[in-house]
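What follows is a single structure, written as structure tokens, with notes after it.
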Amino acid sequence: MEPMKIKIITAFAALLLPLSIASSANATAIKQTKGDFEDKFRQLEEVLPTPNVYRNAAGEPGENYWQQQVDYKINVTLDEEKRRLIGSEKITYQNNSPYKLKYLWVQLDQNIFKEDSIASMTKTFSGDSPSAFSSDGGKPAKLSLNTLRRQQFLADNEVGYEISAIKDSRGNALSFTLVGTQMRIDLPKPLKSGDDVEFSIDFAFNIVEEDAVSARSGYEKFKDGNDIFLLAQWFPRLHAYTDYEGWNNKEFLGRGEFTLEFGDYEVEINVPADHIVSSTGVLTNPKDVLTKTQRNRLKQAKTAKRPVFIVTEEEALENEKEGTDKRKTWVFKAENVRDFAWASSRTFMWDAKGYKQGGKVQDHVMAMSFYPVEGGDLWKKYSTESVIHTMEVYSRYSFDYPYPTAQSVNGPVGGMEYPMITFNGPRTELRDDGSRTYSQAEKRFLIGVVIHEVGHIYFPMVVNSDERQWTWMDEGLNSFLDGVAGREWDPTIPWGVEPRDITGYMKSQNQVPIMTQSDSVLRLGPNAYTKPAAALNILREVILGRELFDFAFKEYSERWMFKRPTPSDFFRTMEEASGVDLDWFWRGWFYSTDHVDISIDKVYQMRLDTHNPDVDYGRLRQIEADKPSSLFVERNKAEGKKLWVDENQDVTDFYDENDRFTVTNKERNKYKKFLKGLKPWERKTLERAVKEDKNYYVLEFSNVGGLVMPILLELTYKDGSTESQYIPAEIWRRTPKQVSKLVVTDKNKELVGVTVDPGWETADVDIENNHYPRQIIPSRVEAYKAKKRSGKVHRDIMHDIKTELKSDEDEKEKKDQ
Ligand SMILES: [Zn+2]
């Protein structure tokens with residue numbers, strides 16, 4: 001810390017300083033203001049859409065808010081042999097918009113797999129680029145076998161929708177136009193505001209093998225010939241038509257998911273009679289498809305303490321062996337859902353446990369899991385319990401779980417969500433001794449993915465944000481809340497949403513802001529999941545505090561449940577419900593690629609000048625005496641050099657007795673006159689300050705990362721005590737690159753150290769410059785052995801050519817050992 005002095009200026013003097021002089025002294029600052037100054041606190045209204053009667057300035061649904069309703073009645077048959085779905089849907093489209101519609105747009109997500117889809121045609125080569133061939137071999141490019149498998153699968157199979165008929169309610173064909181993964185259906189006459197129209201679509205498609213093409217749904221082949229079918233994005237679904245965008249007709253490229261209209265569904269699912277079906281909705285014909293024992297077990301499960309098996313492991317294994325030609329039709333009804341998905345397999349075990357939620361919305365929810373024996377103990381113990389835990393926590397922070405069932409299904413899709421049903425990937429591994437085991441990572445993955453996907457039933461399945469446009473609105477919000485729920489399950493599991501988890505990404509190059517359309521986002525994981533989740537955690541824990549944040553977040557959730565929020569509705573609600581101006585926060589975290597890096601550059605320690613020359617000069621003399629003496633003089637002394645003045649001691653004068661800090665009476669008189677000139681209050685203030693003789697510290701900070709944030713300080717004193725200080729982000733409002741802060745402490749509280757963000761709460765990417773004085777950085781080094789040179793000419797062909805050729809038998813033997 002650098003000692004400095006501070007001088008009091010009287011109010012009188014300060015006020016008299018003419019404005020023009022102040023400006024000219026600040027000339028460089030003004031020039032900067034005109035040059036590269038950036039207002040980090042500029043109002044966000046100029047960026048957000050203008051509020052209107054559909055969504056208001058407070059971030060609420062406006063007085064004339066509307067959304068469409070689309071109801072579906074679907075019959076669908078699963079052809080297990082051909083791995084094919086054949087369906088027919090009757091759609092009722094209710095136009096609640098104030099506008100006339102001449103046509104309707106439908107999403108045909110299965111068409112993404114066609115070779116002429118934009119997604120297929122724009123797939124880029126993702127391997128390492130090849131290096132030029134040389135006589136030395138050259139390095140080959142790398143093409144993964146997964147890429148080859150996908151390419152082979154799509155070459156061998158007809159994929160995409162086969163639409164055989166689109167008819168109006170009287171059976172007349174409707175004309176339609178295919179545009180990639182979308183279809184326009186022209187209505188015979190425009191659909192007026194407030195009217196509805198009924199029409200039907202007959203469709204079929206070959207289901208893709210999930211492991212081959214890596215999609216959001218598909219089948220998984222087991223060795224014994226059985227499959228798990230996960231069916232999602234399987235029926236032609238109406239595009240969203242909204243007040244903010246009209247038809248949301250953006251081509252499905254695979255990443256930007258979807259947004260749909262709410263509606264009621266009745267779906268008849270025809271599958272082999274020995275299949276177990278898990279589905280969105282409530283089973284309406286249990287007597288047709290379940291045995292009496294199974295129905296009794298379901299009843300028992302409602303109030304059970306631990307999950308009850310509806311289909312046990314033994315029953316599932318027995319089921320897998322046989323196969324049947326018989327068929328059964330499972331009928332499900334779902335009200336007010338934005339989509340419908342299901343899963344079917346004869347490998348499924350099934351457990352269930354009721355969740356007594358209470359409340360008026362949905363007093364009782366049935367939590368259920370479906371998995372093959374490969375799920376093992378991992379699923380038996382944790383899946384259904386994780387489903388219930390999610391509802392318990394999410395409901396506290398948003399709204400009561402609004403549906404009668406919540407399901408977790410194991411299958412080839414790593415993690416995906418639909419209303420009331422989720423697909424989750426983790427499994428156990430078979431050991432040689434026949435037992436099943438799983439790693440700690442697999443356990444964490446299961447609990448984490450179930451919480452995450454069930455959480456999605458809230459966001460975006462109920463709070464219906466537009467995933468095709470904004471991945472962060474569902475993934476970011478949901479990752480934030482799954483971290484909250486996760487920490488309440490087991491805080492030792494890394495939930496990946498803490499500020500420290502995002503620093504590497506934040507300082508990386510080639511980024512886009514969070515506010516970027518889903519398909520254009522670079523590095524989806526950190527951009528759309530971790531960064532917004534960490535930002536919301538920081539908003540909650542550092543900036544607003546839990547009470548204000550939780551109130552505002554719940555307000556947002558409740559306002560927009562079963563409705564369609566946009567980013568501005570979120571920003572506005574959080575700001576106006578918390579009562580805190582957050583424009584700078586959204587601007588920095590969501591609209592920019594700046595990162596947090598606040599550096600504590602300098603700390604000055606200052607002592608108040610008393611104006612009394614008898615005191616101040618003495619102090620100055622001491623400061624001078626404390627400086628290291630001249631090395632040259634010391635060395636001369638050591639060499640025994642004699643000084644001229646020592647050898648001629650009779651030649652002296654006044655200045656040999658008095659130094660430059662000698663006080664004169666003229667100065668004492670000036671001091672007296674100064675005191676006399678002070679008004680009574682000024683004199684009192686000065687006298688008190690002189691008496692208290694406090695420590696005045698000026699802390700200089702620079703904002704290296706560009707993102708303005710509160711400065712979290714820990715001050716360490718000579719006596720070993722520490723103190724925390726919170727400086728709101730607004731300190732940066734006029735000088736976003738550098739700020740100074742005055743800290744005043746008692747005389748005996750001498751500062752010895754300053755740390756910025758000691759708890760790593762703000763995602764500050766460079767911890768080194770957070771300490772004053774700087775600290776030594778702990779790190780590691782490893783000794784390594786130089787590698788032998790490899791490549792064609794470095795092989796020992798002379799020797800290796802004589803090696804005996806191994807038979808397949810030898811290889812097998814080696815494996816068995
Ligand atoms: Zn997700």
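Bear in mind that the values here come from a model prediction, so they are computed numbers and not experimental data. In each ligand, atom 1 is the first atom listed, and ligand 1 is the first ligand listed. FYI, the numbering just counts along the sequence from 1.
Looking at residues two or more places apart in sequence or on another chain, you find a ring pair (Phe, Tyr, Trp, His ring centres under 6.0 Å) between Phe205 and Tyr161. Partners of Tyr401 by ring pair (Phe, Tyr, Trp, His ring centres under 6.0 Å), not counting sequence neighbours, listed by chain and number: Tyr458. Here Ser465 pairs with Pro460, Met473, Asp474, Pro565 under the side-chain contact (heavy atoms from CB on, under 4.5 Å) rule; sequence neighbours left out.
Here Phe235 and Tyr72 bring their ring centres to under 6.0 angstrom of each other.
Other residues, nucleotides and ligands place more than 12 heavy atoms under 6.0 Å from the NZ atom of Lys114. In Lys554, the NZ atom is crowded: over 12 heavy atoms of neighbouring residues, nucleotides or ligands sit closer than 6.0 Å.
Around the Zn ion (ligand 1), protein N, O or S atoms at less than 2.8 Å number 4.
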